[in-house]
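Following: one structure in structure tokens, then a few remarks.
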Amino acid sequence: MSSTPWMDVVLQALPDWLATRRWFAGKDRPIDAVQALETTVLVDGDPALVHLVVEVRQGDRRDVYQLLVGARRAQAPDVPAAAVIEVDDGVTMYEASGDADLTSELLGLLAREATIGDVSFRLEPDVVLDAGLRGRPITSEQSNTSLVFGSQYILKLFRRLSPGLNKDLVLHRALRDAGCQHIAQPLGSIAGRFDGQETTLGMVQQFFPDAADGWAMATTSVRDLMADPGTAPEEHGGDFSGEARRLGQAVAHVHADLARALGTADVGPDELAGKVRTMTARLDAVAADVPQLAPHVPGIRAALERVRELPTPLRSQYVHGDLHLGQVLRTVGGWTVIDFEGEPAAPLEERAALRSPLRDVAGMLRSFDYAAHQLLVGQPDDVQALTYGALNWAQVNRDAFCEGYASVSDLGDPREHAVLLTALELDKAVYEVGYEHANRPDWLEVPLSSIARIVEGVA
Amino acid sequence: MPDGSELQRHDPLDGLEDVPHTGESVTSEGLLVEPQADDFAHAHAAPKDASWYKHAVFYEVLVRAFADSNGDGTGDLRGLAGKLDYLQWLGVDCLWLPPFYASPLRDGGYDISDFRAVLPEFGTVDDFVHLLEEAHKRNIRVITDLVLNHTSDQHPWFQASRSDPEGPYGDFYVWSDDDSAYSDARIIFVDTESSNWTYDPVRGQFFWHRFFSHQPDLNYENPAVQEAMIDVLRFWLDLGIDGFRLDAVPYLFEEEGTSSENLPRTHEYLKKCRKVVDDEYPGRVLLAEANQWPSDVVEYFGDPSVGGDECHMAFHFPLMPRIFMAVRRESRFPISEILQQTPDIPDKAQWGIFLRNHDELTLEMVTDEERDYMYSEYAKDPRMKANIGIRRRLAPLLDNDRNQLELFTAMLLSLPGSPVLYYGDEIGMGDNIWLGDRDAVRTPMQWSPDRNAGFSSCTPGRIYLPVIMDPTYGYEAINVESQQDSPASLLNWTRRMIQVRKEHIAFAEGDFVDLGGSNPSVLAYQRTYERPDGGRDTVLCVNNLSRFPQPVELDLSAFQGLVPSELTGGVRFPEIGELPYLLTLPGHGFYWFELCHSDDNDPR
């Protein structure tokens with residue numbers, strides 16, 4: 001089945017179809033044009049599998065995405081209906097990540113390190129892949145698409161592409177070389193060419209079938225506490241502080257390994273001032289949209305300004321960049337940190353930059369706050385006992401996390417770096433305010449109340 | 001492990017005057033005359049089944065606490081024999097009796113003063129043979145505790161050893177002129193003992209004891225001791241007993257510069273015992289009591305290349321506190337971790353697992369800083385410390401919550417190993433925490449709402465411990481008779497689950513695969529047994545450790561096309577496909593499934 005005639009049909013259908021995709025980042029404005037940059041037939045015949053790199057133009061914005069397009073003539077595949085892109089002349093064209101017949105071919109291509117056109121499949125050194133497993137997409141993802149093969153491997157396809165090696169792959173390789181025990185081992189990668197550079201399209205890693213994510217673990221504990229309000233968090237059966245402490249240790253090990261493998265840099269006064277300006281600018285932007293933030297703005301601004309007075313140089317290094325409870329997995333062997341891409345919404349330069357490891361700590365501390373309060377959202381006002389319990393839970397587990405971190409890190413206890421940690425937490429909370437205002441107004445109170453507490457604590 | 005309670009002080013000879021016992025007479029060479037098996041009747045053997053222990057349901061029963069046949073207020077062997085119909089009805093395959101030997105009872109009977117006589121208040125050796133005979137008729141086996149490491153200081157061997165150093169027993173114990181040897185051995189009962197050596201004024205020397213100072217260690221360096229103890233095994237095996245739980249096995253030998261635990265020569269001696277059993281008494285078993293980490297305990301199964309050549313079974317100690325902890329935490333990880341770190345065991349070996357027994361739960365293994373960091377980490381978790389040092393029965397531990405009682409029992413019956421039930425837990429008996437020491441969980445079995453709970457016809461004041469009388473757990477509310485009459489009772493539920501377990505060999509001998517899953521509160525595992533003909537028996541167990549309803553998605557794609565059939569009701573669930581299999585469970589709920597082929601094409 002030759003791909004050319006129906007590829008044109010696919011491209012014409014894409015503007016409407018893309019807007020319905022969860023991973024498509026440009027839903028806020030109309031699509032002007034979709035143009036194919038690369039078309040690579042990975043599997044020819046019926047069904048066929050085509051790797052497609054497209055450029056999406058929206059006004060002055062140009063984003064590049066990769067797609068896996070399947071085409072079948074005989075029988076429509078057993079995939080969710082929403083994945084169909086177009087039906088034309090008896091051929092169904094569809095998003096192929098749910099079609100195990102086709103995706104199992106990807107694993108085969110990786111196992112034999114195939115190169116097709118500009119798309120090359122490579123294994124990490126000394127890795128042998130068990131080909132022939134069927135893949136299934138995991139359903140919880142937002143910005144990428146991941147396929148799990150036979151409970152052994154997970155292949156992450158980066159949806160929005162940036163030229164060059166993906167930070168996720170680079171950091172995983174560095175951590176693997178450093179012998180880090182708290183990551184899923186990188187096993188291989190898929191690369192293409194884009195803007196003249198070799199560009200990471202995907203990464204295959206060890207999969208942990210026994211894993212539960214930190215958010216599920218933490219909210220289980222909170223739920224248990226909420227069922228017995230009035231019990232001290234460290235006394236109740238579902239106490240999470242032992243896990244939080246071990247999690248702090250795991251994160252500190254990851255930071256130490258990253259610093260050792262990729263080095264550190266000094267941040268001088270000018271750069272520090274620049275970072276304060278960035279954070280202040282974000283504050284101003286969010287405050288302009290969210291009136292409820294207004295009373296806290298002077299307090300936040302003052303806390304951010306205090307960062308300028310810190311003695312320099314400060315240490316910066318590669319960090320996770322978007323650390324929260326959903327980015328850590330509890331396995332039978334302990335805690336594992338995943339997804340080192342950084343915050344997907346942030347510009348590339350910001351994601352690639354060296355940062356204070358306290359940025360990750362602040363992210364995790366904010367996440368404990370979220371986990372503690374999420375059951376209160378939408379509750380009637382009469383929840384004082386629960387609110388008290390939630391605050392207590394967050395405090396106990398934030399402390400345990402910091403203690404665990406301090407027991408490993410040469411940075412010491414994060415709480416001793418209060419000025420910077422507070423500023424980074426506030427910066428994260430301001431981002432959350434903007435996000436909740438736009439997406440989940442019911443949740444706005446969660447970051448707002450945190451900001452109130454932090455500012456009050458500082459003042 | 002020896003027992004710290006002192007029920008009563010006995011003169012070890014009280015009541016033995018009229019029955020055969022060690023030391024009745026002495027030969028001209030100074031040897032004690034000991035009763036021989038041929039002095040007694042022998043029980044017929046239990047039906048042949050070389051691997052019975054791998055699929056048996058064990059039931060720990062205290063002779064003193066079960067049934068009193070002669071109205072003296074204390075349970076006895078004849079009383080227990082009279083309740084065998086009940087135990088057979090329940091589905092019990094093997095009774096485990098803590099020691100019933102002659103003893104001054106300074107350590108709950110673990111201080112044995114005559115290995116060849118029965119504690120008079122429990123009956124006689126003939127009564128024990130009667131119990132064996134009646135049990136075997138019902139296809140129930142009987143094992144008992146045997147302490148190899150030491151004796152009571154009242155044992156005639158010790159009396160002879162201290163008074164006649166040059167006599168035939170002079171070297172039966174570990175004597176020394178000073179208390180300096182083996183100083184690297186820890187003191188186990190730190191609360192009561194300050195040294196492993198105690199001075200004996202009679203002999204004018206120190207004797208070695210790893211436990212209480214009234215329990216001198218036997219000297220296994222002496223071949224005569226090794227032979228004498230094997231003869232003790234033979235004595236009971238000849239009468240027809242089905243095996244021994246060997247108490248405190250790691251301590252038989254001492255060696256300078258070591259901890260004097262788990263020494264190679266201790267293992268050698270156990271191999272010798274095993275050979276006697278295999279050669280002379282096939283089908284009987286040895287069960288090791290070694291309160292150590294599974295990775296150390298597996299040494300007591302012996303050489304895996306021959307299927308194991310030391311003990312057939314060993315208790316898995318760390319699993320039990322972790323079951324409690326996992327449900328407290330609503331997290332499967334405490335259980336998953338300990339099972340993942342449990343090594344494979346030889347072909348002919350089997351774990352014994354339990355929720356409660358006559359001892360308190362110890363934290364011995366969770367505080368050893370030398371172990372894997374995870375173990376020591378868990379000791380820091382406050383709940384582990386607060387709630388595991390417990391002397392309570394299962395029902396009160398679980399707040400008498402029927403859902404949790406069922407969940408715990410379901411895990412006991414489905415996790416890898418042979419389950420050991422503790423008497424009374426099948427009806428949800430309570431405890432009496434006002435009784436001293438470990439007696440809280442040793443009160444009389446509650447048979448009926450009649451006087452003394454149907455346990456004894458004596459006047460209530462004579463009973464060895466008062467029956468439980470509180471409104472929740474008292475014998476008028478909780479007893480066998482009323483629960484047998486009630487189809488929904490815990491007793492009938494437990495019996496039904498034991499039956500279901502026996503219908504699937506996978507529960508007993510299947511391998512164990514933790515299925516993980518994205519929900520940390522759901523523990524799911526599969527047990528698969530491959531029959532010699534290549535057929536498979538697979539059961540799937542899904543346990544909700546949370547009090548709240550939970551969904552779970554399980555990757556069952558390896559079983560695509562099969563249909564889970566729920567084992568208690570036979571209801572068929574949707575066919576397994578390629579996508580994750582979704583189940584929802586009520587709070588503390590569980591499912592047992594077998595995996596069947598689809599019956600879509602069967603006639604109907």
Side-chain angles (χ1 to χ4, degrees), chain A residues 78-80 98-101 104 133-140 148-152 207-228 232-246 249 329-335 396 400 403-404, chain B residues 324-341 372-374 376-387 399 404 513-525 544-558 560 577-580 582 587:
Chain A
D78 182 18
V79 294
D99 185 347
D101 290 342
S104 66
L133 301 172
R134 289 170 68 79
R136 61 177 169 84
I138 59 174
T139 50
S140 55
V148 172
F149 290 93
S151 302
Q152 289 186 54
F207 179 72
F208 299 109
D210 64 351
D213 77 35
W215 179 256
M217 297 279 293
T219 50
T220 295
S221 167
V222 175
R223 197 175 297 117
D224 185 52
L225 178 65
M226 294 301 175
D228 298 316
E234 64 275 23
E235 290 294 316
H236 82 110
D239 176 33
F240 189 71
S241 60
E243 296 288 2
R245 188 176 299 108
R246 287 186 284 274
Q249 292 170 342
L329 299 177
R330 176 67 159 91
T331 72
V332 170
W335 285 102
V396 164
E403 285 160 19
Chain B
F324 284 90
M325 186 174 170
V327 176
R328 288 265 174 195
R329 291 246 182 285
E330 307 198 350
S331 162
R332 64 183 145 87
F333 286 103
I335 298 173
S336 296
E337 281 168 1
I338 196 69
L339 289 174
Q340 198 213 25
Q341 304 201 11
D372 183 327
Y373 96 103
M374 225 136 36
S376 53
E377 282 304 318
Y378 270 117
K380 288 182 195 153
D381 288 351
R383 271 288 156 182
M384 194 73 187
K385 283 188 226 165
N387 270 343
D399 302 325
Q404 285 191 69
V513 178
D514 193 333
L515 291 171
S518 55
N519 188 329
S521 296
V522 177
L523 173 71
Y525 43 88
N544 178 8
L545 308 179
S546 165
R547 63 176 115 173
F548 303 109
Q550 299 282 341
V552 66
E553 285 191 338
L554 297 172
D555 179 6
L556 300 181
S557 53
Q560 199 175 337
E578 185 164 12
L579 297 177
L582 174 68

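Proteins get letters first, then strands, A, B, ... in listed order; numbering begins at 1 in each.
Of the atoms belonging to A:Ala211, it is backbone heavy atoms, and not side-chain ones, that fall under 4.5 Å from chain B. Neither the backbone nor the side chain of B:Ser546 comes within less than 4.5 Å of any heavy atom in chain A. In this structure, the portion of B:Gln550 lying under 4.5 Å from any heavy atom of chain A is its side chain and not its backbone. Proximity to chain A (any heavy atom under 4.5 Å) is restricted, for B:Leu515, to the backbone atoms N, CA, C and O. If you measure heavy-atom distances from B:Ser557 to chain A, you find no contacts under 4.5 Å at all.
A:Asp224 has a carboxylate O that lies under 4.0 Å from a charged side-chain N of B:Arg547, or vice versa, which qualifies the two as a salt bridge. Ion pairing between a basic and an acidic side chain is recognised when a charged N comes within 4.0 Å of a carboxylate O; A:Arg134 and A:Asp101 show such pairing.
In this structure a side-chain-to-backbone donor-acceptor pair under 3.5 Å is present from B:Arg332 to B:Gly517.
Ranked by non-hydrogen atom pairs under 4.5 Å with chain A, the options B:Asp555, B:Val327, B:Leu579 are led by B:Asp555. Between chain A and the options B:Pro520, B:Ala558, B:Ala524, B:Gly516, the largest number of non-hydrogen pairs under 4.5 Å is found for B:Pro520.
Inter-residue side-chain proximity for B:Ser518 and A:Asp213 is flagged as unmet; no heavy-atom pair is nearer than 4.5 Å. Side-chain contact between A:Arg223 and A:Met226 is absent, with no heavy-atom pair separated by less than 4.5 Å.
One distance of note links CZ of B:Phe333 with CD of B:Gln340; it measures 10.5 Å at 0.5 Å rounding.
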